[in-house]
Amino acid sequence: MRWALFLGSLAVALLIGVWALQVPAPRGPETPAVDFSAARAMTDVRAIAARPHPVGSADHARVQQYLFGRMAALGLNPALQAGALSPETVNRLTQWGGDPAAAGNQAVNIVGVLPGRNPTAAAVLMMAHYDSAWDSPGAADDGAGVAAVLEAVRAIRERGPADRSLVVLLTDAEELNLDGARIFFSEHPLRDRIGAVVNLEARGGGGRAFMFETGRGNEETIDLFSRAARRADGGASSSSLSIFVYENMPNGTDFTIPKNRGIGGVNFAFIGRPSQYHSPTATPDNLDQGAVQHIGSQALEATDALLRADALPVAGRNVVYGDYLGLFTIVHSLELGWTLLAITAGLGAFAAWGARHATRLTAADVGRGMLSGLWVLAMGIVIAGGVRVLAGPLSSRAESADVYYTLLRRLPWMEAGTGLAMASIALALLAGRQALGPKLLAGVVLAAVVASFALGGFDPVILGAGGVAIALTAWPQSAPKTVWGGWLGLIALIFVLGCVVQGAAPEAALILIWPGLLAAAAAGACALVGARLESPRSLIPAVVATVIGGAWILNLSHQVFLGVGMDLPGVLALMTLLVQLFLAPLAPRAKGTLAAAAAACLILACGLSLTARFAEPAPPPAADGPT
């Protein structure tokens with residue numbers, strides 16, 4: 001029965017998590033005029049992305065002329081705004097093989113306005129870039145964004161006049177150095193009228209569209225967005241964690257420019273099918289039309305809500321927020337995190353009290369459970385790094401953008417390999433280190449460290465994690481002796497980490513606080529129902545928590561890996577630990593079977609990662625290649 005509960009809850013969580021990652025069905029040309037239709041938007045995508053259209057090319061001029069006509073037909077009264085290319089842009093365009101002189105050393109924006117009833121009210125800006133990367137048709141990046149803007153404008157017109165004016169900005173030279181956005185916000189007469197920005201981007205060819213960035217002080221923006229997104233096809237996909245991660249990465253989009261001027265708003269992108277990023281395969285036929293529906297529908301509803309708002313959101317304080325599988329969004333203040341942590345501590349203490357009376361649980365065993373959680377983190381970092389580097393060089397060490405884009409084409413292999421590596425760590429914990437043996441585990445750690453250093457270079461994090469993993473593996477007293485000790489120890493570790501992150505970066509603490517609270521609630525319920533954890537009835541709270549929390553963690557893991565996983569695969573070690581919060585009391589007692597499954601997962605993970613290296617071999621670095 002324990003096997004059935006273990007495998008059944010995992011399977012249901014997996015199915016729900018995968019379901020939640022699906023895009024909405026694209027809507028056809030018969031869609032009501034007031035709603036977004038991917039089929040209508042695809043007409044523009046096919047015209048824009050017929051061929052690559054980088055700055056200075058003949059196709060760039062063709063796309064510019066086409067979009068000027070489309071904006072005129074929508075009643076936007078478009079105009080061109082030209083400005084000088086920056087030295088960095090000229091250099092990069094030259095490296096791409098383009099001729100800056102052919103572009104007149106200028107970036108040319110297309111700007112249009114849909115007038116509102118109140119010309120004095122702050123305007124809303126919809127923005128996407130119409131240039132493509134050098135060798136890519138750019139159907140996703142950013143043909144889909146441009147087409148979605150045009151389709152959204154059409155739908156907004158059908159909904160009737162709004163008080164605020166809508167400014168449409170199709171920027172140029174975004175792929176080179178964000179020059180079009182810089183030119184607009186430094187030179188255009190409308191720049192000081194903009195009160196909010198909705199930007200559309202892509203880093204792939206499909207998948208769900210995430211609202212991954214807002215302006216600073218986002219409480220009012222998130223309140224408006226979470227209400228507007230309920231009307232969007234597929235719901236919202238966003239979290240304050242994604243914003244925290246993005247802001248700490250060396251990235252930039254056109255939204256960066258107004259954000260740095262203190263203008264609020266939302267930034268959307270889809271990041272699935274990453275092999276199409278800046279690739280010749282980024283054609284209209286390969287574009288995921290469900291992704292177009294999702295990004296366009298969210299952008300339409302957010303923009304329409306801003307246009308019809310009595311007052312635009314203003315910068316205030318940041319909030320913690322996150323969607324649950326696209327169904328609804330949870331929003332709370334930064335300070336409430338401390339209250340949730342206190343509730344977690346209370347529920348955990350109650351569970352410990354119940355377990356102590358039923359099973360003679362000791363504080364020392366809970367401490368060993370905490371050390372077991374540290375072992376998972378350390379092993380996860382080392383094994384993920386070792387498996388990941390088998391696929392090829394880290395993108396941060398790539399010598400050219402060609403290598404980076406090769407890594408993106410490898411990503412499905414790398415994602416599967418690293419995911420299986422984390423599954424092996426999870427199964428090893430559930431099996432118990434005694435079932436695998438300290439010598440075997442230490443050998444695996446050493447092999448992973450050596451592989452990481454030999455193929456990826458010295459990494460002090462890998463070295464430190466490897467030392468911790470070997471020390472805990474060699475110390476037999478670090479393993480918990482009871483199920484309750486292991487479970488409550490994991491909850492206690494997440495509680496401590498949650499307190500640290502809540503104090504340092506409360507916007508990101510939801511990744512620890514929410515699962516920790518759910519696991520503590522499940523533990524408290526188990527202590528009430530049957531603290532010995534022997535009958536199926538006593539394990540029902542853990543099963544429910546595994547399904548609810550496991551699906552959310554799977555959903556979040558996919559986002560995190562796609563966002564930062566190529567450079568920081570060890571991030572998934574934390575996700576593995578979070579899944580253990582729910583699975584710990586459900587672990588079957590057949591330790592040998594779990595150990596064998598762990599070994600099989602690790603072998604398969606290495607095989608998948610090596611396959612990626614040979615299936616998508618990296619091109620030799622070019623001295624004059626793009627950067």
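None of the values given here were measured: they were computed from a predicted structure.
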Quiz item: Can R27 and S37 be counted as having a side-chain donor-acceptor contact under 3.5 angstrom?
Solution: no

Quiz prompt | Closest contact, heavy atoms only, S239 versus L510 | solution = CB-CD1, 4.5 Å

Self-check item: Test: E335 and R317 ion pair at under 4.0 Å
Solution: yes

Quiz item: Which heavy atom of L125 sits nearest a heavy atom of F185, and at what distance?
Solution: CD2-CZ, 3.5 Å

Quiz item: Is a side-chain N or O of S226 found less than 3.5 angstrom from the main chain of I222, in a donor-acceptor match?
Solution: yes

Self-check item: E220 side chain to V314 backbone, donor-acceptor under 3.5 Å
Solution: yes

Quiz item: Yes or no on side-chain contact (heavy atoms from CB on, under 4.5 Å) for V319 and L334, after CA distance, side-chain angles and deciding distance?
Solution: CA-CA 6 Å; V319 291; L334 302 183; 5.5 Å; no

Self-check item: Identified ring pair (Phe, Tyr, Trp, His ring centres under 6.0 Å) partner of Y246 from the options F210, F212, F255
Solution: F212

Exercise. Check the pair H278 / D141 against side chain to side chain donor-acceptor pair (under 3.5 Å), numbers first and verdict last.
Key: CA-CA 7 Å; H278 289 188; D141 182 20; 3.0 Å; yes

Quiz item: Would D254 and T171 count as having a side-chain donor-acceptor pair, cut-off 3.5 Å?
Solution: yes

Practice problem: Kindly give the heavy-atom pair with the smallest separation between R164 and A311, and that separation in Å. | Solution: NH2-CA, 3.4 Å

Quiz item: A41 and A147: which non-hydrogen atoms are nearest, and at how many Å?
Solution: O-CB, 3.3 Å

Quiz item: Who passes salt bridge (Lys or Arg N to Asp or Glu O under 4.0 Å) against R40, sequence neighbours left out?
Solution: E151

Quiz item: Are L306 and P313 side-chain neighbours, meaning at least one heavy-atom pair lies under 4.5 Å?
Solution: yes

Quiz item: Which atom pair, heavy atoms only, marks the closest approach of R227 to D223?
Solution: NH2-OD2, 3.0 Å

